[in-house]
*Asks:* 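Pasting a structure below so you can have a look.
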Amino acid sequence: MQYDFDTVHERRGTDSSKWARFPADVIPMPVADMDFLSPEPVRRALRERVEQGFYGYGRANEEFLEVFTGRLRRRYGWDVSKDALMTLPGVIPGFNMGLRAVTKPGDSMVVQLPSYGPILNSWKHHGIVRHDAMLVREPSGRYEIDWPSFEAAFDGTTRAFVLCNPHNPVGRVFSPEELRRMAEICLAHDAWIISDEIHCDLVLDGNRHTPVASLSPEIAARTITLMAPSKTFNLAGLKSAVAIIPDADLRAKFEAAKGGLVGAVNVLGSAAMTAAYRDCDGWLEALTGYLTENRDYLTGFVGERMPGVTVYPAEATYLAWLDCNALGLPGNDAFGWFLDHARVGLGEGSNFGPPGEGFVRLNFGCPRTLLREGLERMATALAAR
């Protein structure tokens, strides 16, 4: 079946936070929101659900539970009980609920820098302390775990490690060996693992995602895994996600952490999520092929046309992490410089922590003509300075 990822759709005037963020002459490439139509089975499921004409309180969708547990078995060899699944309106609420469930004021959590902003700042909501472990950028541009830094981040106050795998913004897919070692350090320090795996479907180059909780029953008992269709199928605005919590006691803590503040997935989000996971594997395979070609085009373009900028090919996600430190831009502000001189809006590297200074994050989940125009603007601006 043929899928169209080349058509450029007009998204201004569609309540898109990504496209409303900058003036009309700016190409926006910051937010993890693809510029492709969501797959037709999802749109069809939404049309059918809307036509019911009733949008009252929903309930747990038995079909979704069957579809999702079957998908975990098929893709990851992970056999999970339907009882382990808890649907919720987003991964960000999910890891904040997880922190609320397993920490108390005065405890500490561990994150790896650079880090996705909402993970980086989550400690502020819970009266806890953040301890930073580092990912180290090798000369090739690939990031590796700094193991001494990781181990040193844990102490007697540490109750949680928030893992991001595949990693945003550096695009790493952590290996089973890396995941096991991180998990064993957590278990040795009596720390819980909260694993943001929202980009798990967007693996490139034949890389394989491994849910950390699938490695052993002991690790699963200490882990809250968070997945969602939002990045993969462009459903972020429908606010639907799932927590996988095999341990019943941990599930009870997670449920209690809602505190009357976090509700269920809305009925349209539930319909979309079920259809995405049930009917869209072919679309997803075509998408990851297109994203791989976009990533390769971007990597080649940067190497040939943007001297002073380096990028390592992302192993997953549709996010490129561009190192602009060698450009010597005023204030080392690559975000502001490309916005002013190229009229391209990127993700500001400093939002991912101090190691992100001088970097920008570029979303290449868009039609190639749009990607080409954005890169050409950036290269032209660099050549003219």
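Treat the numbers as computed from the prediction; the structure is a model and nothing was measured.
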*Asks:* Please list, chain by chain and in numerical order, all residues satisfying salt bridge (charged side-chain N to carboxylate O under 4.0 Å, His left out) with Glu285, sequence neighbours excluded.
*Replies:* none
*Asks:* Could you tell me whether Glu348 and Arg361 make a salt bridge, using a distance below 4.0 angstrom between a side-chain N and a carboxylate O?
*Replies:*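 Answer for the salt bridge query: no.
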*Asks:* Give the C-alpha distance, both sets of side-chain angles, the deciding distance and a yes or no for salt bridge (charged side-chain N to carboxylate O under 4.0 Å, His left out) between Arg11 and Asp33.
*Replies:* CA-CA 11 Å; Arg11 297 193 64 195; Asp33 172 353; 3.0 Å; yes
*Asks:* Does Arg44 have any side chain to side chain contact (heavy atoms under 4.5 Å, CB included) partners at least two apart in sequence or in another chain, and if so, which?
*Replies:* Glu40, Pro41, Arg47, Glu48
*Asks:* Name all residues meeting the side chain to side chain contact (heavy atoms under 4.5 Å, CB included) criterion together with Tyr312; count only those two or more places apart in sequence or in a different chain, and write none if there are none.
*Replies:* Ser140, Arg142, Glu315
*Asks:* Report the residues that fulfil ring pair (Phe, Tyr, Trp, His ring centres under 6.0 Å) with Phe174, sequence neighbours left out, ordered by chain and then residue number.
*Replies:* none
*Asks:* Under the side chain to side chain contact (heavy atoms under 4.5 Å, CB included) rule, collect the residues that match up with His341, sequence neighbours excluded.
*Replies:* Trp337, Ala381
*Asks:* Any salt bridge linking Arg75 with Asp201? Criterion: basic side-chain nitrogen under 4.0 Å from a carboxylate oxygen.
*Replies:* yes
*Asks:* To the closest 0.5 Å, what do you measure between CG (Leu135) and CZ (Arg172)?
*Replies:*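 Rounded to the nearest 0.5 Å, the CG-CZ separation comes out at 8.5 Å.
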*Asks:* Side chains of Asp35 and Trp19 only: does a donor on one sit below 3.5 Å from an acceptor on the other?
*Replies:* yes
*Asks:* Of all residues at least two apart in sequence or in a different chain, which pass the ring pair (Phe, Tyr, Trp, His ring centres under 6.0 Å) check with Phe68?
*Replies:*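 Here the qualifying residues are Phe64, Tyr277.
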*Asks:* Looking at Arg295 and Asp205, is any side-chain nitrogen of the basic one under 4.0 Å from a carboxylate oxygen of the acidic one?
*Replies:*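 Salt bridge flag = yes for Arg295 with Asp205.
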*Asks:* Would you mind checking if Arg137 and Glu144 are paired as a salt bridge, meaning a charged N to carboxylate O distance below 4.0 Å?
*Replies:*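 Here Glu144 does not pair with Arg137 in a salt bridge, since their nearest N and O are not under 4.0 Å apart.
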*Asks:* Applying ring pair (Phe, Tyr, Trp, His ring centres under 6.0 Å), can you list everything that pairs with Phe161, at least two apart in sequence or on another chain?
*Replies:* Phe150
*Asks:* If the condition is ring pair (Phe, Tyr, Trp, His ring centres under 6.0 Å), which residues does His209 pass it with, not counting sequence neighbours?
*Replies:*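 Expected list: Tyr76.
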*Asks:* Would you mind listing every ring pair (Phe, Tyr, Trp, His ring centres under 6.0 Å) that reaches into residues 212-247, with sequence neighbours excluded?
*Replies:* Phe233-Trp283
*Asks:* Applying salt bridge (charged side-chain N to carboxylate O under 4.0 Å, His left out), name anything that partners Arg12, two or more places apart in sequence or on another chain.
*Replies:*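 Partners of Arg12 by the salt bridge (charged side-chain N to carboxylate O under 4.0 Å, His left out) criterion come out as none, since no residue qualifies.
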*Asks:* Does a side chain donor of either Ser108 or Thr158 reach within less than 3.5 Å of an acceptor in the other side chain?
*Replies:*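 Looking only at side-chain atoms, Thr158 and Ser108 do form a donor-acceptor pair, the distance falling under 3.5 Å.
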*Asks:* Which is it for Asp132 and Arg130 under the salt bridge (charged side-chain N to carboxylate O under 4.0 Å, His left out) test, yes or no, and what are the steps along the way?
*Replies:* CA-CA 6 Å; Asp132 297 338; Arg130 191 188 81 203; 2.7 Å; yes
*Asks:* Got a sec, which residues hit salt bridge (charged side-chain N to carboxylate O under 4.0 Å, His left out) with Arg343, two or more places apart in sequence or on another chain?
*Replies:*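 Partners of Arg343 under the salt bridge (charged side-chain N to carboxylate O under 4.0 Å, His left out) test: Asp25.
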*Asks:* Going by side chain to side chain contact (heavy atoms under 4.5 Å, CB included), name the residues that satisfy it together with Pro30, two or more places apart in sequence or in a different chain.
*Replies:* Lys18, Arg21, Phe22, Pro28
*Asks:* Is the shortest distance from a Lys or Arg side-chain nitrogen in Asp281 or Arg74 to a carboxylate oxygen in the other one below 4.0 Å?
*Replies:*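 Judged by the 4.0 Å cut-off on N to carboxylate O distance, Asp281 and Arg74 do form a salt bridge.
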